[in-house]
Amino acid sequence: MLYIGVDLGTSAVKLLLMDGSGKVLNIVSKEYPLYFPKPGWSEQKPEDWYAASIEGIKELVKGFDAGQVAGISFGGQMHGLVVLDENDNVIRPAILWNDGRTTKECDYLNNVIGKDKLSEYTANIAFTGFTAPKILWMKENEPENFAKICKIMLPKDYIAYKLSGVHCTDVSDASGMLLFDVKNRCWSKEMCEICGVKESQLAKIFESYETVGTLKADVAAELGIPATCKIVAGAGDNAAAAVGTGTVGDGNCNISLGTSGTIFISSKNFGVDSFNALHAFAHADGHYHLMGCMLSAASCNKWWMDEIIGTKDYAAEQKAIEKLGENHVYFLPYLMGERSPINNPMARGTFIGLTMDSTRADMTQAVLEGVAFALRDSFEVARALGINIERTKICGGGAKSPLWKKMIANILNVKVDVIDVEEGPSMGGAMLAAVANGEFASVEDAASKIVKIVDTVEPDPELVAKYEERYAQFKEIYPACKPLFDIITK
């Protein structure tokens with residue numbers, strides 16, 4: 001049988017076709033627009049996601065026996081607010097994970113409702129990207145639209161609904177809404193009351209590997225795929241990427257260098273750090289995970305290359321970088337504000353340390369190092385919890401850069417394992433579809449049989465020492481700049 005993984009990203013949907021043994025047969029990517037109506041705002045049209053997904057699936061299965069497609073599942077950008085009316089029509093463009101408009105609402109939730117209560121109800125505190133603050137924003141600023149809401153959904157779940165007719169979500173994606181009781185894997189009645197929503201307006205909850213329904217007859221006919229094809233709940237992009245990289249079970253780690261950047265630590269047990277600097281979410285394997293998420297990772301490099309330097313030849317720019325651990329230029333990668341661990345939507349991207357002899361290569365290096373340093377900030381929180389991580393998997397577009405992987409290995413002082421398929425969320429989605437169809441006994445079983453390590457980047461003790469000194473300096477920059485960010489973003 002064949003399985004489709006749908007990775008609904010921020011810039012494009014990536015679709016992967018996999019057979020029952022885990023072999024990748026085809027990959028297709030389809031882009032769609034991203035809108036910034038105001039500074040700090042970020043939106044997309046759910047209709048664009050669906051159109052791109054349908055077009056992509058058709059292209060994906062072309063040349064293969066589409067009658068063998070037994071399951072479709074998902075990884076998807078998290079936290080986005082998709083609202084449907086009584087006729088299941090989209091009310092307004094989706095407000096995305098990297099949207100920063102909800103500062104006021106987060107202040108209310110964290111400081112009036114209180115972080116302790118939020119953590120008790122949901123295992124997390126409010127961040128501007130989360131879904132609940134967006135609901136409060138809509139209630140305050142678009143009351144006419146708020147009154148029309150019949151269903152509140154997440155991005156990938158809108159695609160699952162369009163394919164199956166079922167309003168569904170999974171435990172990992174729901175964990176990032178601030179409406180979900182992570183420990184008990186159910187909706188939080190207290191948070192629904194605080195946000196003024198009814199539980200009936202929320203989707204039905206599934207484990208990531210559970211079947212939510214089958215392909216609607218009209219969609220099946222359009223795609224040429226059997227109507228018996230199972231639509232499987234899937235997972236938030238980071239949990240799906242973790243499945244795709246084999247980061248399941250207890251104490252495993254994955255770093256994702258996509259539009260956003262994450263450090264993902266799987267755990268058999270539920271746990272919350274006392275400062276809520278890391279997210280405590282349900283995992284797609286049926287257990288839990290801790291996650292540090294930075295809002296701009298590979299997107300920092302894309303911005304620097306595309307918009308500032310004006311080149312698409314990323315590899316050529318990195319070739320000019322020669323001396324690691326000796327750069328005097330630093331970069332704060334806060335182009336969209338920042339989430340973990342500083343939780344400050346007012347933070348901004350910043351170069352510091354420039355002199356007359358600073359070069360283009362120095363600044364390119366600073367961008368790459370800045371992302372790695374910011375990932376280490378979350379890594380240090382995990383270490384403070386007594387979690388000893390000696391190695392990590394890596395995925396995402398940035399993981400294709402050998403230089404960036406070398407920087408991460410030495411800045412974090414961990415072994416970086418490279419796997420044979422670096423497709424992350426789309427691979428994880430396909431694996432979840434296969435589990436739902438009985439190809440594997442469990443998510444952990446699928447990971448152990450499919451995921452293969454093909455290379456390991458080892459840290460160099462001499463370079464680790466150099467970067468230790470650089471990281472100590474990097475840590476001082478944000479606290480010094482924070483008062484300025486509060487001024488310039490007013």
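Just so you know, these numbers come straight off a predicted model, no measurement behind them. The residues of the chain are indexed from 1 along the displayed sequence.
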Under a 4.0 Å threshold between the charged nitrogen and the carboxylate oxygen, would [Y] count as salt-bridged to [X]?
X      : Y      : value
Lys30  : Glu59  : yes
Glu369 : Arg470 : no
Glu338 : Arg348 : no
Glu390 : Lys415 : no
Asp306 : Lys302 : yes
Glu43  : Arg92  : yes
Glu317 : Arg360 : yes

Quick one: are [X] and [Y] in side-chain contact, heavy atoms under 4.5 Å?
X      : Y      : result
Val24  : Leu17  : no
Ile263 : Ile265 : yes
Lys452 : Ile419 : no
Ile255 : Lys393 : no
Ile54  : Leu163 : yes

Would you find a donor on one side and an acceptor on the other, under 3.5 Å apart, between the side chain of [X] and the backbone of [Y]?
X      : Y      : answer
Asn252 : Val248 : yes
Ser73  : Val232 : yes
Tyr32  : Ala12  : yes

Query raised in the report: Do Lys162 and Tyr50 meet the cation-pi criteria used here (NZ or CZ under 6.0 Å from the six-membered ring centre, within 45° of the axis)?
Result: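 Yes, Lys162 lies over the aromatic ring of Tyr50.
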Query - Whether Trp49 and Tyr158 hold their rings parallel, tilted or perpendicular, with breakpoints at 30° and 60° - result: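 Perpendicular: the ring planes of Trp49 and Tyr158 meet at over 60°.
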Requested in this report: Measure the acute angle between the ring planes of Phe474 and Tyr471, then classify it against the limits of 30° and 60° as parallel, tilted or perpendicular.
Outcome: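 Correct class here is parallel.
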Is a side-chain donor-acceptor pair under 3.5 Å present for [Y] with [X]?
X      : Y      : answer
Thr131 : Trp97  : no
Tyr288 : Asp250 : no
Gln318 : Ser401 : yes

Requested in this report: Write out all pairs satisfying ring-ring contact (aromatic ring centres under 6.0 Å, His included) with one or both partners inside residues 318-369, taking only residues at least two apart or from two chains.
Outcome: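 For residues 318-369, and leaving out neighbouring residues, the ring-ring contact (aromatic ring centres under 6.0 Å, His included) pairs sorted by first residue read Trp304-Phe351, Phe331-Phe351, Tyr334-Tyr478.
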Requested in this report: Identify which one of Asp173, Thr262, Thr247 satisfies the side-chain hydrogen bond (donor to acceptor under 3.5 Å, both in side chains) criterion when paired with Asn238.
Outcome: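 Among Asp173, Thr262, Thr247, the one meeting side-chain hydrogen bond (donor to acceptor under 3.5 Å, both in side chains) with Asn238 is Thr262.
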